[in-house]
K.L.:
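Before anything else, here's the structure in question.
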Amino acid sequence: QVQLVESGGGLVQPGGSLRLSCAASGSIFSINSMAWYRQAPGKQREFVAEITTGSSTNYADSVKGRFTISRDNAKNTVFLQMSSLRPEDTAVYYCNADQVVLDDLYTGTRREYLDIWGQGTLVTVSS
């Protein structure tokens, strides 16, 4: 079974920075694209940023120039560096992997998991 575990959330003042991490656990053979989404109180979950296996990136207009997504394939981890934070960035941030392939160490086969989500980490931007 695969799990995504986010960390790095917290309280930060407007204009400040924060770095989120999301680590995938399990006998991972490969992970396709990884992304960050967020959900503010009373709002729907929205796309923030995405990074492919080849490290191509895509960002929501609201975070372009302020947020940077990156990944460490060797550690099965994706990061979100957030700068110039605004109160409207306050939300629970979720990590997503669209496809994860795990090695089954007992059978020698591989299993595919689709659309995996982490449990979320809260980011609060407030003075």
Side-chain angles (χ1 to χ4, degrees):
Q1 191 172 356
V2 60
Q3 284 188 319
L4 300 179
V5 180
E6 300 101 333
S7 61
L11 174 64
V12 61
Q13 291 187 342
S17 298
L18 213 54
R19 188 191 196 210
L20 305 183
S21 300
C22 170
S25 63
S27 301
I28 295 171
F29 172 73
S30 67
I31 303 177
N32 198 21
S33 293
M34 300 187 77
W36 288 95
Y37 288 74
R38 66 186 182 186
Q39 186 167 18
K43 295 188 176 181
Q44 290 188 331
R45 190 173 299 188
E46 64 176 5
F47 169 79
V48 175
E50 178 186 31
I51 185 166
T52 68
T53 51
S55 294
S56 295
T57 58
N58 185 32
Y59 296 92
D61 288 342
S62 59
V63 307
K64 278 182 183 176
R66 300 188 299 121
F67 290 10
T68 301
I69 188 171
S70 61
R71 65 191 289 172
D72 183 337
N73 290 328
K75 295 183 179 180
N76 297 314
T77 301
V78 64
F79 305 97
L80 185 68
Q81 178 67 47
M82 305 184 294
S83 303
S84 301
L85 283 162
R86 306 165 180 168
E88 54 263 40
D89 294 317
T90 295
V92 177
Y93 284 71
Y94 296 92
C95 175
N96 174 269
D98 68 347
Q99 181 203 51
V100 180
V101 177
L102 298 185
D103 283 318
D104 187 321
L105 302 179
Y106 294 100
T107 65
T109 59
R110 289 180 178 145
R111 178 173 291 186
E112 179 186 59
Y113 294 83
L114 301 177
D115 197 27
I116 310 300
W117 291 89
Q119 82 289 350
T121 186
L122 177 63
V123 173
T124 303
V125 184
S126 175
S127 55

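No experiment lies behind these values; they were computed from the predicted model shown. The chain is numbered in sequence order, starting from 1.
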K.L.:
Nearest 0.5 angstrom please: N96 CG to L4 CG, how far?
P.N.:
7.5 Å
K.L.:
Do S127 side-chain atoms and Q13 backbone N/O form a donor-acceptor pair below 3.5 Å?
P.N.:
no
K.L.:
Would you say the side chain of S7 lies within less than 4.5 Å of the side chain of T121, judging by non-hydrogen atoms?
P.N.:
no
K.L.:
Output every pair passing salt bridge (Lys or Arg N to Asp or Glu O under 4.0 Å) with a member in residues 74-90, not counting sequence neighbours, ordered by first then second residue.
P.N.:
R38-D89, R66-D89
K.L.:
To the nearest 0.5 Å, what is the distance between CE (M34) and OG (S70)?
P.N.:
11.0 Å
K.L.:
Using every non-hydrogen atom in the two residues, find where V48 and V63 come nearest and quote the distance to one decimal.
P.N.:
O-CG2, 3.6 Å
K.L.:
Quick one: does D115's side chain have a donor or acceptor within less than 3.5 Å of a partner on Q99's backbone?
P.N.:
no
K.L.:
How far does CG of L114 sit from CG of D98, to the nearest 0.5 angstrom?
P.N.:
8.0 Å
K.L.:
Which distance, rounded to the nearest 0.5 Å, do you find between the CG of D104 and the OG1 of T109?
P.N.:
4.5 Å
K.L.:
More than 12 heavy atoms of other residues, nucleotides or ligands under 6.0 Å from CD of E112: yes or no?
P.N.:
yes
K.L.:
What closest approach, in Å, do I51 and S55 show between heavy atoms, and which atom pair accounts for it?
P.N.:
CG1-CA, 3.7 Å
K.L.:
Distance from Q39 atom CD to Y94 atom OH, nearest 0.5 Å?
P.N.:
5.5 Å
K.L.:
Does the side chain of I69 come within less than 4.5 Å of V78's, by heavy atoms?
P.N.:
yes
K.L.:
Taking the side chain as everything from C-beta on, heavy atoms only, tell me whether I31 gets closer than 4.5 Å to R71.
P.N.:
yes
K.L.:
Grouping I, L, V, M, F, W and Y whenever their side-chain heavy atoms are under 4.5 Å apart, do V12 and M82 come out in a common cluster?
P.N.:
yes
K.L.:
Holding to salt bridge (charged side-chain N to carboxylate O under 4.0 Å, His left out), I want the full list of residues that pass it with R110, two or more places apart in sequence or in another chain.
P.N.:
D103
K.L.:
Do L85 and Y37 share a hydrophobic cluster, counting only Ile, Leu, Val, Met, Phe, Trp and Tyr and linking them when any side-chain heavy atoms are less than 4.5 Å apart?
P.N.:
no
K.L.:
Under a 4.5 Å cut-off applied to non-hydrogen side-chain atoms, are I28 and L102 in contact?
P.N.:
yes
K.L.:
Under 3.5 Å, is there a donor-acceptor pair between the side chain of N76 and the main chain of A24?
P.N.:
no
K.L.:
Is there a side-chain contact between T68 and F79 in this structure, where contact means two heavy atoms from C-beta onward sitting under 4.5 Å apart?
P.N.:
no
K.L.:
If you look at every heavy atom in A91 and L122, which pair is closest and at what distance?
P.N.:
O-CD1, 3.6 Å
K.L.:
In terms of hydrophobic clustering (I, L, V, M, F, W, Y; side-chain heavy atoms under 4.5 Å; direct or indirect links), are Y59 and V125 co-clustered?
P.N.:
yes
K.L.:
If hydrophobic clusters are built from ILVMFWY residues whose side chains come within less than 4.5 Å, do V2 and W36 share one?
P.N.:
yes
K.L.:
Is it possible for you to say whether L11 and L80 belong to one hydrophobic cluster, with membership spreading through side-chain heavy-atom contacts below 4.5 Å?
P.N.:
no
K.L.:
Please check: side-chain N/O of E6 versus main-chain N/O of C22, any donor-acceptor pairing under 3.5 Å?
P.N.:
no
